[in-house]
Protein chains: 2
Amino acid sequence: MVARTDAPTRREQILKEAARLFAERGFHGVGVDEIGAAVGISGPGLYRHFAGKDAMLAELLVGISGQLLTGGKRRVAETDGDPEALLDSLIEGHIDFALDDRPLITLHDRELDRLRESDRKLVRQLQRQYVELWVEVVRKVYPGLAEPAARASVHAVFGLLNSTPHLSRPGALPGRAATADLLHRLARGAFAAAGEGAEGLS
Amino acid sequence: MVARTDAPTRREQILKEAARLFAERGFHGVGVDEIGAAVGISGPGLYRHFAGKDAMLAELLVGISGQLLTGGKRRVAETDGDPEALLDSLIEGHIDFALDDRPLITLHDRELDRLRESDRKLVRQLQRQYVELWVEVVRKVYPGLAEPAARASVHAVFGLLNSTPHLSRPGALPGRAATADLLHRLARGAFAAAGEGAEGLS
DNA sequence: GGCCGAAGTTAATGACCGTTAACCCACTTC
DNA sequence: GAAGTGGGTTAACGGTCATTAACTTCGGCC
């Protein structure tokens with residue numbers, strides 16, 4: 001986890017601005033000229049860096065799914081054998097992502113259908129692995145929870161954690177640390193309720 | 001709550017199909033010809049029923065926000081004075097909506113920015129009132145919870161409850177009743193955790 | 001100092017799409 | 001039974017937009 005100090009490449013600038021714009025107005029809602037303008041070049045100039053508008057979206061979505069999964073796997077490896085701590089770690093990681101990369105989180109579950117078949121399959125596969133990773137951990141912490149219920153709970157908690165972008169513009173939140181803490185408690189509370197409700201049924 | 005038995009009007013058919021298509025591929029992603037085809041008429045025929053594509057989206061979004069708020073207010077009036085029961089009632093109502101009108105729920109927080117200024121303001125106002133209604137109830141049940149935290153929690157729980165459309169196509173769920181029950185428990189658990197974490201701080 | 005490739009530029013192309021125009025029926029209604 | 005109207009139709013228009021073509025600029029590099 002080395003901090004990058006070098007300047008972002010033009011390619012990275014473009015991806016970042018494209019993510020923001022796509023999140024704000026939808027993939028079909030922004031034109032290439034706008035994306036170009038956001039990084040100080042004009043529309044067709046983008047084609048020196050990407051094969052097309054689709055390619056930008058694809059790279060963004062694959063990147064997000066990959067990062068989430070990679071981060072999740074890393075946490076599994078680091079926190080060996082303690083499901084409680086691991087669940088906390090996963091939650092923390094997801095919250096960091098949701099709070100620090102809002103546009104990406106928004107895109108993630110919104111524009112998947114705009115991808116070419118092959119890219120979409122790849123993204124879905126990465127997403128599925130990430131979910132499975134959570135499901136396993138959740139079921140270790142709450143052994144009474146059946147798999148379908150665990151999976152649905154994980155999806156629901158993702159919805160909860162990803163809700164921050166919908167909060168009426170940055171101002172309304174109680175500060176980043178407090179927000180992260182609140183989200184963490186909400187997520188744990190939700191899982192706990194699911195686990196308790198199902199106890200003794202296994 | 002009288003059940004409608006008469007056939008839906010052409011207008012209602014159009015709205016329903018438009019909602020489904022907008023939810024699937026985004027407002028800009030579907031053409032009027034497609035919407036027309038979905039109800040058996042051809043593109044421009046829609047203009048006998050709506051002023052334009054924008055008007056359909058506007059009517060959908062205003063309708064959703066209005067229904068949610070109206071339903072919420074009704075529950076407040078019906079369940080007088082018992083905050084616990086009222087919170088359960090609100091959760092139940094929202095779940096019914098999320099499970100029965102998936103496309104609308106999806107649209108609700110996704111395409112708001114595609115509206116004319118005036119419509120957008122109206123929808124936002126309705127949404128805000130709905131949130132405030134929940135916030136009040138939540139704070140009665142958990143008096144220790146500060147208002148910003150309560151508001152953030154409510155938003156987060158909406159994200160949780162609205163997560164069902166993201167579940168990989170209808171099959172994966174454990175049946176409608178079980179799903180509703182699970183979501184209800186998850187939501188209550190989340191609120192409880194938020195409330196407990198803040199107790200004694202008021 | 002001439003070459004070259006990377007990174008831009010503007011102009012043009014072609015597709016798509018929302019909307020309007022002009023026309024057509026099948027009912028109802030007096 | 002003539003008239004009007006609600007609900008369609010197809011064809012055309014105009015704008016937007018992704019993409020391509022053709023051309024420029026400029027910083028290394030042998």
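Chain identifiers are assigned alphabetically (A, B, ...) following the order of the sequence lines, protein sequences preceding nucleic acid strands; residue numbering begins at 1 within each chain. Just so you know, these numbers use all the heavy atoms, side chains as well, and skip hydrogens, waters and symmetry mates.
- Here the side chain of B:E196 pairs no donor or acceptor atom with the backbone of B:A193 at under 3.5 angstrom.
- On the nucleic acid side, DNA chain C has its first and last nucleotide under 4.0 Å of a heavy atom of chain A at C:dA7 to C:dA11, going 5' to 3'.
- The stretch residues 50-63 of chain A touches DNA chain D through A:G52, A:K53, each having a heavy atom under 4.0 angstrom from the strand.
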Verdict with reasoning, A:K16 to A:E12, per salt bridge (Lys or Arg N to Asp or Glu O under 4.0 Å): CA-CA 6 Å; A:K16 187 177 161 204; A:E12 290 168 332; over 6 Å; no
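- For the pair B:H28 NE2 and D:dA18 C1', the computed distance is 16 Å after rounding to whole Å.
- Side-chain contact check for B:M56 versus B:L46: some heavy-atom pair is nearer than 4.5 Å.
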Run the side-chain hydrogen bond (donor to acceptor under 3.5 Å, both in side chains) test on A:R116 and A:S118 for me, step by step, so that the C-alpha distance in whole Å, both residues' side-chain angles and the decisive distance to 0.1 Å come before the verdict. CA-CA 6 Å; A:R116 300 206 327 272; A:S118 65; 3.0 Å; yes
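- A donor-acceptor pair is defined here as one N or O able to donate and one able to accept, closer than 3.5 Å; such a pair exists between the side chain of A:E111 and the backbone of A:F27.
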Determine whether A:R102 and A:E24 satisfy the following criterion, salt bridge (Lys or Arg N to Asp or Glu O under 4.0 Å), listing intermediate values before the conclusion. CA-CA 10 Å; A:R102 289 166 173 236; A:E24 275 174 17; over 6 Å; no
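- Within the 4.5 Å cutoff, side-chain heavy atoms of A:R120 are placed close to those of A:E117.
- Counting to the nearest Å, the C1' atom of D:dG6 and the CZ atom of B:R11 are 14 Å from each other.
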What string of B, S and - do you get for nucleotides 7-14 of chain D, 5' to 3', if B is base contact, S is sugar-phosphate-only contact and - is no contact with any protein heavy atom under 4.0 Å? BBBBB---
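- We find the CG-CD1 distance between A:L183 and A:I91 to be 10.0 Å, quoted to the nearest 0.5 Å.
- For the side-chain contact (heavy atoms from CB on, under 4.5 Å) test with A:I14, the passing option among A:E17, A:R11, A:R10 is A:R10; the others fail.
- A tilted orientation is assigned to the rings of B:F191 and B:W134, their planes being inclined by 30° to 60°.
- At the heavy-atom level, A:V39 lies nowhere under 4.0 Å from the strands shown.
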